[in-house]
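Here the structure is laid out as structure tokens; the discussion comes afterwards.
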Amino acid sequence: MNFKYTAIAFTALSLTVSSCNDFLDEMPDNRTELDTPEKITKLLVTAYPTTSWNLLAEFSSDNTDDNGPKYQIFDRLSREIYEWKDTKETGNDSPVTYWSSCYKAIATANQALEAIDKLQAEGISPSLLSAQRGEALLCRAYGHFMLSYIFCEAWSESNKNTALGIPYSTLPETTVNPQYDRETIGKTYEHIAADLEAGLPLIDDNNYSVAKYHFNSKAAYAFAARFYLYYCQYDKAIEYATKVLGNDPALVMRDWGTLGSLSLNDDLQPDAYVDASNRANLLLYTARSYWGLYNGPLTTTNRYTHNPTISKNETSESTGIWGDCSTTLKQIAANYTSIPKVVFRKYPFFYFEVVDPSANTGYYNIVQAAFTTDEALLIRAEAYTMKKEYDKAIADMQIWENSYTTSKVALTEQGINDFYGKLDYYTPQKPTVKKELHPDFTIEPGTQENMLHFILHARRILTLHEGLRWGDIKRYGITIYRRTVEKQIITVTDEMKVDDPRRALQIPNTVIGAGLTPNPRNK
């Protein structure tokens, strides 16, 4: 089903951008002395990134094509990220702003941890501060994890002692322009794991008025499951995903049928998608971003898009073992037939935060579902597959299929092998859902490889526009291409192979100028 929508013109309003020249030396809040558990709890509201990584990840991935010079370029940032270029742009979706936002959140977490230590030294019972400590540790781990996701290579056993990580900040900043060094990705992951394991037992959902705006227990477990999947520690990924899913995962999946029945007009679907009362949403946060505009029927954001060529062959209108997505998915893609854009309605067109009413300036915002039960299910299925526990992986994928599609296909090992095993591998001119995998770990031909193609296909559709495809591309060494698609003619302009250093976005030029080691480049 194609959704027809009259494309509307859009004139960008002014977007105020704060200075991003500082590095890790931001004091999170110097207005209040942190002398009670309640004040620390309030401070931790600001321990989450306030900008989005979606554009950086989606425009770097194979979820985006160039629709040609017929369409105008919205801004230099989108062009440079799409073309895998190092950028000096400073907008709210830029690398420098995301870097700064994450380290500000980390600085807040460190300030909270220092205040907790001080209060405990003054005699306050640790039990009165344990929930705050747990949240601060999870926030610190998450900020560093997301920085590594964007600015580092994927962790692997062979590169853990050589590939660059990011500076792991554990102390509040008390000096101007502190000096930091980049450790390895292995050291970065060790620090994240330590904070996770220390913080997880301390999380207390009763400490929050709205738990889903914080690292509540299930959100924390979902983060741990994703992290340990990327860390190739599959038993732990399964353990934590199971804590999220419970004994009957079908009961905690998103109600895709109800969501899909809502109108694609206005913001009905996006509002429902990020509803805090939805059982599938585990952690929600607000980010300043244009990303909602890229996912709406706007004529100014049509140069680089998730277009019909990708949709029909690889994602929201492709064919999987469950059938034709355009007829079986419960969440129908909005195909704006007058412009080259096919999207799932997850982000609103306009969440505008007015700063200056007289000038009508301010910030565009999105609400991000950072962790969901649906993703946790696919994490567990992948971990089971890596352990060759195929019956368990197939059982999880059957739950996913039943939840997200109307298909009645009963999944079997033979059926999955027949479907994905017989598909041709993707080429830019003849795209399919099956792309060659070149991970830094062993995949057995046959069932294991075909199960992974199935899971990667499902996750690419499930998480479309949310930036998680970039992680799969990096972890599995998938070659991707820059393609210009004009009148159904595909022209390849660049490719990114498994060993391409551009898979790690360049760190901001401001911190390179301050002496931090840049990511390597071939030229």
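These figures come from a predicted structure and were not determined experimentally.
By the 4.5 Å heavy-atom criterion applied to side chains, Thr108 and Lys104 are not counted as neighbours. Counting heavy atoms from C-beta outward, Thr170 and Tyr168 have side chains that approach closer than 4.5 Å. Annotation: side chain of Ile461 is in contact with side chain of Leu329 (closest heavy-atom distance under 4.5 Å). Side-chain atoms of Lys39 and Leu43, non-hydrogen and from C-beta on, never get closer than 4.5 Å to each other.
Remark: the His144 side chain and the Thr188 side chain contain no N/O donor-acceptor pair separated by less than 3.5 Å. There is no side-chain donor-acceptor pair under 3.5 Å between Thr64 and Glu58. Looking only at atom types and distance, the side chain of Ser127 has no donor-acceptor partner in the side chain of Ser130 under 3.5 Å away. Side-chain atoms of Gln398 and Asn402 form a donor-acceptor pair, as typed in the model, at a separation below 3.5 Å. Side-chain atoms of Thr242 and Arg380 include a donor-acceptor pair closer than 3.5 Å. In this model, no donor atom of one side chain and acceptor atom of the other lie less than 3.5 Å apart for Thr162 and Asn159.
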Residues Arg140, Asn110; criterion side-chain hydrogen bond (donor to acceptor under 3.5 Å, both in side chains); working and verdict = CA-CA 7 Å; Arg140 186 167 74 183; Asn110 286 334; 2.9 Å; yes

For the pair Asn519 and Arg503, evaluate side-chain hydrogen bond (donor to acceptor under 3.5 Å, both in side chains) and give the outcome as yes or no after the intermediate values.
-> CA-CA 10 Å; Asn519 287 327; Arg503 288 175 181 257; over 6 Å; no

Ring pair (Phe, Tyr, Trp, His ring centres under 6.0 Å) evaluation trace for Tyr285 with Tyr48 | CA-CA 8 Å; Tyr285 66 86; Tyr48 298 82; 7.2 Å; no

Tell me, with the steps shown, if Glu375 and Arg226 meet salt bridge (Lys or Arg N to Asp or Glu O under 4.0 Å).
-> CA-CA 9 Å; Glu375 187 216 351; Arg226 185 191 296 173; 2.9 Å; yes

Residue pair Arg279, Thr373: steps toward the side-chain hydrogen bond (donor to acceptor under 3.5 Å, both in side chains) verdict | CA-CA 8 Å; Arg279 64 197 181 198; Thr373 56; over 6 Å; no

When you look at Arg475 and Asp440, which way does the salt bridge (Lys or Arg N to Asp or Glu O under 4.0 Å) test go after all the steps?
-> CA-CA 8 Å; Arg475 293 187 302 123; Asp440 200 10; over 6 Å; no

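Sorted by first and then second residue, the ring-ring contact (aromatic ring centres under 6.0 Å, His included) pairs with a member in residues 366-385 read Tyr142-Phe371, Phe223-Phe371; sequence neighbours excluded. Annotation: salt bridge (charged side-chain N to carboxylate O under 4.0 Å, His left out) contacts involving residues 451-462, sequence neighbours excluded, comprise Asp62-Arg460, Glu314-Arg460, Glu382-Arg459, Arg459-Asp472. Residue pairs that meet the salt bridge (charged side-chain N to carboxylate O under 4.0 Å, His left out) test with at least one member in residues 198-220, sequence neighbours left out, do not exist here. Counting only residues at least two apart or in different chains, salt bridge (charged side-chain N to carboxylate O under 4.0 Å, His left out) contacts with residues 154-166 comprise Glu157-Lys160. Here salt bridge (charged side-chain N to carboxylate O under 4.0 Å, His left out) pairs that include residues 246-257, with residues two or more places apart or in two chains, number zero.
The ring pair (Phe, Tyr, Trp, His ring centres under 6.0 Å) check on His453 picks up nothing, with sequence neighbours excluded. Under the rule for a ring pair (Phe, Tyr, Trp, His ring centres under 6.0 Å), Tyr390 has no partner lying at least two apart in sequence or in another chain. Not a single salt bridge (charged side-chain N to carboxylate O under 4.0 Å, His left out) links Asp93 to another residue, sequence neighbours left out. Every residue two or more places apart in sequence or in another chain that forms a side chain to side chain contact (heavy atoms under 4.5 Å, CB included) with Ala369 is listed here: Tyr273, Asn281, Leu284, Thr372. For Tyr208, the ring pair (Phe, Tyr, Trp, His ring centres under 6.0 Å) partners are His214, not counting sequence neighbours. Partners of Phe344 under the ring pair (Phe, Tyr, Trp, His ring centres under 6.0 Å) rule, at least two apart in sequence or in another chain, do not exist in this structure. In this view, Glu239 satisfies the salt bridge (charged side-chain N to carboxylate O under 4.0 Å, His left out) rule with no residue, not counting sequence neighbours.
A salt bridge does not link Asp396 with Lys392: every distance from a Lys NZ or Arg NE/NH1/NH2 to an Asp or Glu carboxylate oxygen is 4.0 Å or more. Taking a cutoff of 4.0 Å between a charged side-chain nitrogen and a carboxylate oxygen, Lys88 and Glu80 do not qualify as a salt bridge.
Aromatic rings of Trp99 and Phe151 (six-membered ring for Trp) have centroids within the 6.0 Å cut-off, being under it. Ring-centre distance between Tyr294 and Tyr290: not below the 6.0 Å cut-off. Between Tyr230 and Phe145, the ring center distance clears the sub-6.0 Å criterion.
Across every non-hydrogen atom of Ser403 and Asp374, the tightest pair is OG-OD2, 4.2 Å.
From Arg133, atom CZ reaches atom CG of Leu119 across 10.0 Å, with rounding to the nearest 0.5 Å. To the nearest 0.5 Å, atom CD of residue Gln331 and atom OG1 of residue Thr258 are 12.5 Å apart. Rounding to the nearest 0.5 Å gives a distance of 12.0 Å between NE2 of His457 and CG of Leu378. Here the CH2-OG distance, from Trp84 to Ser60, works out to 8.5 Å after rounding to the nearest 0.5 Å. Between atom CD of residue Glu89 and atom CG of residue Leu77 there is a gap of 6.5 Å, rounded to the nearest 0.5 Å. Annotation: the span from Leu147 atom CG to Tyr103 atom OH amounts to 5.0 Å, rounded to 0.5 Å.
Crowding of Lys330 atom NZ: a count of heavy atoms from other residues, nucleotides or ligands under 6.0 Å exceeding 12. Under a cut-off of 6.0 angstrom, the local environment of OH in Tyr231 is crowded, with over 12 non-hydrogen atoms contributed by other residues, nucleotides or ligands.
Ring geometry for Tyr240 versus Tyr228: interplanar angle under 30°, hence parallel rather than tilted (30 to 60°). Ring geometry, Tyr189 versus Phe227: the interplanar angle falls from 30° to 60°, so the pair is classed tilted. Ring geometry for Tyr347 against Trp291 counts as perpendicular: the plane angle is over 60°, on a 0 to 90° scale with 30° as the lower cut. The aromatic rings of Tyr476 and Phe441 stand perpendicular to each other, their planes meeting at an angle above 60°, with 30° marking the opposite boundary.
One N or O on the side chain of Thr41 and one on the backbone of Pro37 form a donor-acceptor pair closer than 3.5 Å.
Judged by the 6.0 Å and 45° rule, Lys243 forms a cation-pi pair with Tyr221.
Each of Glu466, His465, Gln368 was scored for a side-chain hydrogen bond (donor to acceptor under 3.5 Å, both in side chains) with Lys346, with one residue passing: Glu466.
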